[in-house]
J.: 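Quick one: this structure, given as structure tokens, is what I'll be asking you about.
Nothing fancy with the numbering, it's 1 onward along the sequence. Values below: every heavy atom of this structure, side chains too, minus hydrogens, waters and symmetry copies.
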Amino acid sequence: QRQTGAASRRGLTSFSVRGVDRARGKSVASRMLLRARHIYPVSSPPIEDGFVSLQGGRILEIGPWNGCLDRAETEDLGEVILMPGLVNAHCHLDYTDFAGAIPSPSSFTDWIRAMVDLKADVDDAAHRQSWLRGAQQCLRHGITTLGNIETRLNVLPELWHQTPLRMVSFLEIISLKRESASAQELGRLKAWIKEHIPPRGSLGLSPHAPYTTKFELLEGCAEFSDLPMTMHVGESIEEDQMFREGVGAMFDFLMEAGRDMNDCAGQSPLTNAQRAGLLGERFVLVHGNYLDDFDRERIAEAAAHWVHCPRSHEYFGHQGFAAEAVIERGVNLCLGTDSLATVHDSGAELDLFEEMRLFIQNHPRITAEACVDMVTQNAALALGLQRQVGSLEPGKSADLIILPHSEADGDLAEQIVAHQGEVDAVMINGEWVAGTRKAA
């Protein structure tokens, strides 16, 4: 089922795995056995005193400890919660060093202007530094997979090899002026995609937003039908006014910048994406703060996915996010961190636990279990990685995290949402990559 919180409950079976870790080029056929006081698989009920056996970088078997037949070389993790690594459905790693750099703007358009000024001073070296700093923050806070927006293809391949993160790298496209050559830009991207394959994950496309992509570009993007697609849509009241009424600060700003404004007045910010044929199971809509019931119905009918970023939403002071209405439509709702350019605190980090806590605070009717789904199996489905990550199941990648457990602090899902700070340990593809169990 695709509705949030309505995960299917699969049986526990074994899965034989042999092979080679292609990302590291070595044999990974050896078996590993982990025991934990609590295991939270996500796609099946929690297991008290359970085990997970791993082989070839994948999960071989999972179940209660008393059902484990081969207990050789067990690593007992103790009084902890063992769960899937978190999946960050929307992130901008390259803006990590912008944390707290822009005080609360008077308008979204003013924030765009401030971002243009900040980005003008970022060279490739600063881009790498910020991207890698963000990747490390993700790992420390239990994120093992993310959908990241990429803006500099010239440095991206080398960055992939400097982090163990599993990711969908969404290649950003902006083309708004009448004279811009959309076909040429898309042709360049097609050629680049043919030559580059991420070591862990896949590539996607990100036409930035309705206001920065002219319609012929969106039509061209629809030709990339085998790639996941993500787009910022309906993020601000100014974007909504621009498209529905043909007025406002964003309308004036973009008209001065040379955008053809003939698609403004009388339509939703979502309309151009739908007309171009982008809506579908591979489409990941980000924000949607000002979309209405009709828009939500269109997204549901298309089986598209939706990412909400609570801290970014709070930073801009947007109207209340209609999470319950999105879920009631059966839309696959996920959470993301967005970027640190949309937080007030200069010491903030990319942290999905922070996003979960704020989400539950703003939506107390939604359960902690449903919230955890939004950063695990829901997000994995949105990124097209549901067969690899998002839950602990035989055959899936061994991407795991360890959290402390307390008998006095509520059920497991509530403890997961309430967790603060770094996680105890992080495993990706069967190897400890962060925390107390990382090899020196």
J.: For residues Met427 and Thr144, report the shortest heavy-atom separation together with the two atoms involved.
T.: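 What the structure gives for the nearest pair is O-CG2, 4.0 Å.
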J.: From Ser268 OG over to Asp240 CG, what is the distance, rounded to the nearest 0.5 angstrom?
T.: 7.0 Å
J.: State whether Arg329 and Glu301 are salt-bridged, where the test is any N-O pair (Lys NZ or Arg NE/NH1/NH2 against Asp/Glu carboxylate O) under 4.0 Å.
T.: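 No, Arg329 and Glu301 are not salt-bridged.
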J.: Whether the side chain of Glu223 engages the backbone of Glu219 through a donor-acceptor N/O pair (distance < 3.5 Å, no angle test) should be reported.
T.: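 No, Glu223 side chain to Glu219 backbone: no donor-acceptor pair under 3.5 Å.
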J.: Where the side chain of Glu281 meets the backbone of Ala303, is there a donor-acceptor pair that is under 3.5 Å apart?
T.: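 Judged by distance alone, no pair lies under 3.5 Å.
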J.: Rounded at 0.5 Å granularity, tell me how far CZ in Phe321 sits from CG in Asn289.
T.: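 So the CZ of Phe321 and the CG of Asn289 are separated by 6.5 Å.
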J.: Consider salt bridge (Lys or Arg N to Asp or Glu O under 4.0 Å). Of Arg437, Arg31, Arg35, which one does Glu75 pass it with?
T.: Arg437
J.: Other residues, nucleotides and ligands only: do more than 12 of their heavy atoms fall within 6.0 Å of CZ on Arg71?
T.: yes
J.: Please tell me if the side chains of Thr96 and Gln129 come closer than 4.5 Å, counting only heavy atoms from C-beta onward.
T.: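 No, side chains not in contact.
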J.: Report yes if some heavy atom in the side chain of Asp424 is under 4.5 Å from a heavy atom in the side chain of Pro404; otherwise report no.
T.: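 Contact flag for Asp424/Pro404 side chains = yes.
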J.: What's the shortest heavy-atom distance between Gly204 and Leu227, and which atoms?
T.: CA-CB, 4.4 Å
J.: Return yes if some donor-acceptor pair links the side-chain N/O of Trp111 with the main-chain N/O of Ala341 below 3.5 Å, else return no.
T.: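 A pair under 3.5 Å: yes.
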J.: Is it true that Tyr315 and His318 have ring centroids separated by less than 6.0 Å?
T.: no
J.: Do His405 and His419 have their ring centres less than 6.0 Å from each other?
T.: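 When the ring centroids of His405 and His419 are compared, they turn out to be at least 6.0 Å apart.
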J.: Okay, side chain of Trp306, backbone of Val284: is any donor-acceptor separation there less than 3.5 Å?
T.: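 Here the side-chain-to-backbone pair does not exist.
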J.: Among Pro105, Cys309, Ser312, find the residue that satisfies the side chain to side chain contact (heavy atoms under 4.5 Å, CB included) test when tested with Thr342.
T.: Ser312
J.: With rounding to the nearest 0.5 Å, note down the distance linking CG in Asp351 to CZ in Arg357.
T.: 6.5 Å
J.: As a quick check of understanding, evaluate side-chain contact (heavy atoms from CB on, under 4.5 Å) for Leu86 and Ile401, giving each step before the final call.
T.: CA-CA 8 Å; Leu86 305 186; Ile401 61 174; 4.1 Å; yes
J.: Using the side chain to side chain contact (heavy atoms under 4.5 Å, CB included) rule, pick out the option among Val52, Ile62, Ile59 that qualifies with Pro41.
T.: Ile62
J.: Please lay out, stage by stage, how Ile402 and Val423 fare under the test side-chain contact (heavy atoms from CB on, under 4.5 Å).
T.: CA-CA 6 Å; Ile402 300 174; Val423 302; over 6 Å; no
J.: For the CG atom of Leu381 and the SG atom of Cys334, what is their distance to the nearest 0.5 Å?
T.: 7.5 Å
J.: Between Gln388 and Ser397, is the side-chain hydrogen bond (donor to acceptor under 3.5 Å, both in side chains) condition met? List the steps.
T.: CA-CA 5 Å; Gln388 300 178 48; Ser397 297; 4.5 Å; no
J.: Hey, mind stepping through Leu352 and Ile143 against side-chain contact (heavy atoms from CB on, under 4.5 Å) and telling me if it holds?
T.: CA-CA 8 Å; Leu352 276 175; Ile143 295 168; 3.9 Å; yes
J.: If we only count heavy atoms from C-beta on, is the Ser406 to Glu79 side-chain gap below 4.5 Å?
T.: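 Of all side-chain heavy-atom pairs linking Glu79 with Ser406, none is under 4.5 Å.
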J.: Ignoring hydrogens and angles, tell me if any N or O in the side chain of Glu61 forms a donor-acceptor pair with the backbone of Pro394 under 3.5 Å.
T.: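 A pair under 3.5 Å: no.
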J.: Please report, to 0.1 Å, the donor-acceptor pairs under 3.5 Å made by any side chain of residues 165-174, with sequence neighbours excluded.
T.:
residue : atom : partner : partner atom : Å
Arg166  : NE   : Asp399  : OD2          : 2.8
Arg166  : NH2  : Asp399  : OD1          : 3.1
Arg166  : NH2  : Asp399  : OD2          : 3.2
Ser169  : OG   : Glu150  : OE2          : 3.4
Ser169  : OG   : Trp160  : NE1          : 3.0

J.: Minimum heavy-atom separation for Ala370 and Ile366, please, with both atom names.
T.: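 For Ala370 and Ile366, the tightest heavy-atom pair comes out as CB-CG2, 3.9 Å.
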J.: Are the side chain of Asp295 and the backbone N or O of Asp292 linked by a donor-acceptor pair below 3.5 Å?
T.: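 It does hold such a pair.
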J.: When rounded to the nearest 0.5 angstrom, what is the spacing between CD1 in Ile81 and OH in Tyr40?
T.: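 One gets 9.5 Å once the value is rounded to the nearest 0.5 Å.
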J.: For Val372, is there any backbone N or O sitting under 3.5 Å from a side-chain donor or acceptor partner on Thr376?
T.: yes
J.: Is any side-chain heavy atom of Leu335 less than 4.5 Å from a side-chain heavy atom of Pro310?
T.: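 Touching, per the 4.5 Å side-chain cut-off.
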J.: Compare every heavy atom of Pro269 with every heavy atom of Pro210, then report the nearest pair and how far apart it is.
T.: CG-O, 3.2 Å
J.: Would you compute the distance between atom OH of Tyr290 and atom OG of Ser236 and round it to the nearest 0.5 angstrom?
T.: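 Between Tyr290 OH and Ser236 OG, I get 7.0 Å after rounding to 0.5 Å.
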J.: Answer yes or no: is there a donor N or O on one side and an acceptor on the other, between the side chain of Ser206 and the main chain of Thr230, under 3.5 Å?
T.: yes
J.: Return the minimal non-hydrogen interatomic distance between Ile102 and Ala114, and the atom names on each side.
T.: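 Closest approach of Ile102 to Ala114, heavy atoms only: CD1-CB, 3.8 Å.
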J.: Assert yes or no for the condition that the ring centre distance of His232 to His208 is strictly below 6.0 Å.
T.: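 Yes, they do, as the ring centres are separated by less than 6.0 Å.
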J.: Give a yes or no on whether the backbone of Thr163 and the side-chain of Arg200 come within a donor-acceptor separation of less than 3.5 Å.
T.: yes
J.: Determine the sole option in Gln386, Gln377, Lys396 for which the side-chain hydrogen bond (donor to acceptor under 3.5 Å, both in side chains) test with Ser391 is passed.
T.: Lys396
J.: For Gln184, does the CD atom have more than 12 heavy-atom neighbours from other residues, nucleotides or ligands under 6.0 Å away?
T.: no
J.: Got Leu153 and Leu189 here, is their nearest side-chain heavy-atom distance under 4.5 Å?
T.: yes
J.: For the pair Tyr95 and Phe98, name the ring-plane relationship: parallel under 30°, tilted 30 to 60°, perpendicular over 60°.
T.: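 If you compare the ring of Tyr95 with that of Phe98, the planes turn out parallel.
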J.: According to salt bridge (charged side-chain N to carboxylate O under 4.0 Å, His left out), who are the partners of Asp345, at least two apart in sequence or on a separate chain?
T.: none
J.: Any heavy-atom pair between the side chains of Glu73 and Leu33 that's under 4.5 Å?
T.: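 Contact flag for Leu33/Glu73 side chains = no.
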J.: Just wondering, do Met356 and Val375 contact through their side chains at under 4.5 Å, heavy atoms?
T.: yes
J.: When you compare the side chains of Asn88 and Thr337, does any donor N or O come within less than 3.5 Å of an acceptor on the partner?
T.: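 Yes, because at least one side-chain N or O of Asn88 sits under 3.5 Å from a partner of the opposite role on Thr337.
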J.: How far apart are the closest heavy atoms of Val343 and Ala348, and which atoms are they?
T.: CG2-CB, 3.8 Å
J.: Side chains of Val331 and His305: does their closest heavy-atom pair fall under 4.5 Å?
T.: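 The answer is no; the side chains never approach within 4.5 Å.
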J.: Donor-acceptor check, side chain of Asp94 to backbone of Trp131, threshold 3.5 angstrom: yes or no?
T.: no
J.: Could you walk me through whether Asp124 and Arg152 pass the salt bridge (Lys or Arg N to Asp or Glu O under 4.0 Å) test, one step at a time?
T.: CA-CA 8 Å; Asp124 284 350; Arg152 299 198 184 189; 2.9 Å; yes
J.: For a side-chain contact (heavy atoms from CB on, under 4.5 Å) check, start with the C-alpha distance between Arg298 and Leu270, then their side-chain angles and the critical distance, and finish with the verdict.
T.: CA-CA 9 Å; Arg298 287 194 286 182; Leu270 184 66; 4.0 Å; yes
J.: Sequence neighbours left out, what pairs pass salt bridge (charged side-chain N to carboxylate O under 4.0 Å, His left out) with at least one residue falling in residues 131-145?
T.: Asp97-Arg133, Arg140-Glu349, Arg140-Glu422
